[in-house]
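Quick notes on the structure that follows.
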Amino acid sequence: MSKLGNLGARLHHGEVGYDFVKNRKIWYGISILITITAIVGLAVRGLHMGIEFQGGAVFTTPKNMSVSVAAAEEYAEDASGHDAIVQKLGDGSMRIQVAGIDTNTSDRIKDTLAEDLKVDAEQINAELVGPSWGEQIASKAWQGLGIFLILVVIYLAIAFEWRMALAAFVALIHDITITVGIYALVGFEVTPGTVIGLLTILGYSLYDTVVVFDSLKEQTRDITKQTRWTYSEIANRSINSTLVRSVNTTVVALLPVGGLLFIGGGVLGAGMLNDISLSLFVGLAAGAYSSIFIATPLVADLKEREPAMKSLKKRILAKRAQAAAAGESEDIPVSDEDYGDEPEDAAPAVVGPRNQPSSRGRGRGRPSGKRR
């Protein structure tokens, strides 16, 4: 077995692990700091909305242009009086975007560009984009996001419980805020591809969170019938048991997205890939972080406030104190009524009665040889 596979098995069986829940205040603080930075960036710099949302014109030049992108951008800004975005396409043509102009202004800019670029004005293709179309896209996106969040909360409240639904909702808002804030700080253009990327990462983030929640739900079944582990301890074991799986799926998802962002958009200059690849890259990383460091510790915080969980924790701590006073191990052996014949060092795969009794002690006191 590989080292990573061996580590995953040890994490799953509770032989090793990191106490995520105990150190939750550190992760909360880091998340709050990142979220505040994102909000400040969004408030100060704002989002650089694409032409699809602002309206404007897109000019496409003939193929095999000898003019540089920087020179074409300068020509477009001088002709329009607005900021311009110039992208060189694979066939040598250029795509020039100028936001916030009307039809009459577009015709004048087209003629000026033709003169500066030394081409015939008829060879430049101009397309106008109305701002109303972008407003419709933005409105539909917000509606879709709202409906998605409502359905997610309802589903998780039914399938699990309202505390898990609330924690998942907080994690999703956390991921959206960070991703949008990064867009504001980096200054990438927000296009319909960005919206698609945002909606995609929400599904991925939710999937990662539900995997941990499902493990937690299974392990805390009949939790009050035992006196060995608190809810927070079992929640921590749930995170550790699914940790390698979460890391693996996140890395596998980030590799192709990172290729689009850094190689396709950065090295090769395909800037049109940046809008969707950045939202996917940041959102996938934030989703994995929130499912491990935010969602499950938050559920543990909420559950530990329940009277039943408080009483359970009090009994467990009292039992451990009694064992420590007697000179026994702090992780005291459990009685048969808690776990049957389960060994002391077994991981809490499922809290509650075991389906199959252990074979330990079978035939105890019976003489060896053939039964009579």
Side-chain angles (χ1 to χ4, degrees), residues 20 23-50 53 138 141-142 144-146 148-150 152-153 156 164-213 239 243 246-247 249-262 265-266 273-299 301:
F20 295 97
N23 298 312
R24 60 190 179 277
K25 291 184 178 180
I26 298 176
W27 315 125
Y28 292 167
I30 294 174
S31 294
I32 291 172
L33 180 61
I34 296 175
T35 303
I36 291 175
T37 303
I39 293 174
V40 171
L42 184 61
V44 174
R45 298 192 52 141
L47 291 174
H48 180 43
M49 306 303 294
F53 297 100
W142 282 114
L145 177 61
F148 172 81
L149 292 176
I150 292 173
V152 163
V153 171
L156 291 179
M164 291 184 177
L166 177 60
F169 178 81
V170 171
L172 290 176
I173 298 300
H174 167 273
D175 299 342
I176 295 174
T177 304
I178 291 178
T179 305
V180 174
I182 293 295
Y183 255 87
L185 292 172
V186 174
F188 277 15
E189 188 179 28
V190 177
T191 67
T194 306
V195 177
I196 294 172
L198 284 173
L199 295 177
T200 302
I201 64 171
L202 293 180
Y204 181 89
S205 175
L206 184 64
Y207 165 79
D208 225 17
T209 302
V210 168
V211 168
V212 183
F213 282 179
I239 299 175
L243 182 61
S246 298
V247 171
T249 54
T250 301
V251 171
V252 169
L254 284 176
L255 286 176
V257 176
L260 287 176
L261 177 61
F262 299 109
L273 296 175
N274 288 336
D275 51 0
I276 187 170
S277 58
L278 179 63
S279 62
L280 287 175
F281 189 86
V282 176
L284 290 174
Y289 173 86
S290 64
S291 64
I292 296 172
F293 296 97
I294 302 299
T296 307
L298 183 57
V299 171
D301 264 341

Original post:
Got a donor-acceptor contact below 3.5 angstrom from the Ser205 side chain to the Leu202 backbone?
Top reply: no

**OP:** Write down the atom of Val190, the atom of Thr194, and the distance for their closest heavy-atom approach.
**Re:** CA-OG1, 3.7 Å

Subject >> Ile182 CD1 to Leu278 CG distance, which is reported to the nearest 0.5 Å >> reply: 7.5 Å

Subject >> For Ile36, the option from Ile34, Ile39, Val40 that meets side-chain contact (heavy atoms from CB on, under 4.5 Å) >> reply: Val40

Original post:
Looking at CG of Leu172 and OG1 of Thr177, how far apart are the two atoms once the value is rounded to the nearest 0.5 Å?
Top reply: 10.5 Å

**OP:** For residues Phe213 and Val299, determine if any side-chain heavy atom of one lies less than 4.5 Å from a side-chain heavy atom of the other.
**Re:** yes

Subject >> Phe169 side chain reached by Leu149 side chain, heavy atoms, under 4.5 Å >> reply: yes

Subject >> Counterpart residues, ring-ring contact (aromatic ring centres under 6.0 Å, His included), relative to Phe293 (two or more places apart) >> reply: Phe20, Trp27, Tyr289

Original post:
Do Tyr28 and Leu298 have side chains that get closer than 4.5 Å, going by heavy atoms?
Top reply: yes

**OP:** Please report the closest heavy-atom contact between Ser246 and Ile292, naming both atoms and the distance.
**Re:** CB-CD1, 4.3 Å

**OP:** Can you see which heavy atom on Thr179 is nearest to which on Gly283, and at what distance?
**Re:** OG1-CA, 3.6 Å

**OP:** Can you measure from OG1 (Thr200) to CD1 (Ile276) and round to the nearest 0.5 angstrom?
**Re:** 6.0 Å

**OP:** Output the distance between atom CG (Leu254) and atom OG1 (Thr249), rounded to the nearest 0.5 Å.
**Re:** 9.5 Å

Original post:
Is a side-chain donor-acceptor pair under 3.5 Å present for Tyr204 with Thr250?
Top reply: yes

**OP:** Would you check if the side chain of Ser291 reaches a backbone N or O of Ala288 as a donor-acceptor pair within less than 3.5 Å?
**Re:** yes

**OP:** Report the distance from atom CG of Leu185 to atom CD1 of Ile178, rounding to the nearest 0.5 Å.
**Re:** 11.5 Å

**OP:** Kindly give the heavy-atom pair with the smallest separation between Pro297 and Arg24, and that separation in Å.
**Re:** CB-CB, 3.8 Å

Subject >> Pairwise side-chain contact, Leu156 with Val210, heavy-atom cut-off 4.5 Å (strictly under) >> reply: yes

Original post:
Got a sec, which residues hit side-chain contact (heavy atoms from CB on, under 4.5 Å) with Val180, two or more places apart in sequence or on another chain?
Top reply: Leu42, Leu47, Ile176, Leu198

Original post:
Which distance, rounded to the nearest 0.5 Å, do you find between the CG of Leu261 and the OG of Ser279?
Top reply: 9.5 Å

Subject >> Over all atoms of both residues, closest heavy-atom pair of His174 and Thr35 >> reply: CD2-OG1, 4.0 Å

**OP:** Please report the closest heavy-atom contact between Ala168 and Leu206, naming both atoms and the distance.
**Re:** CB-CD1, 4.4 Å

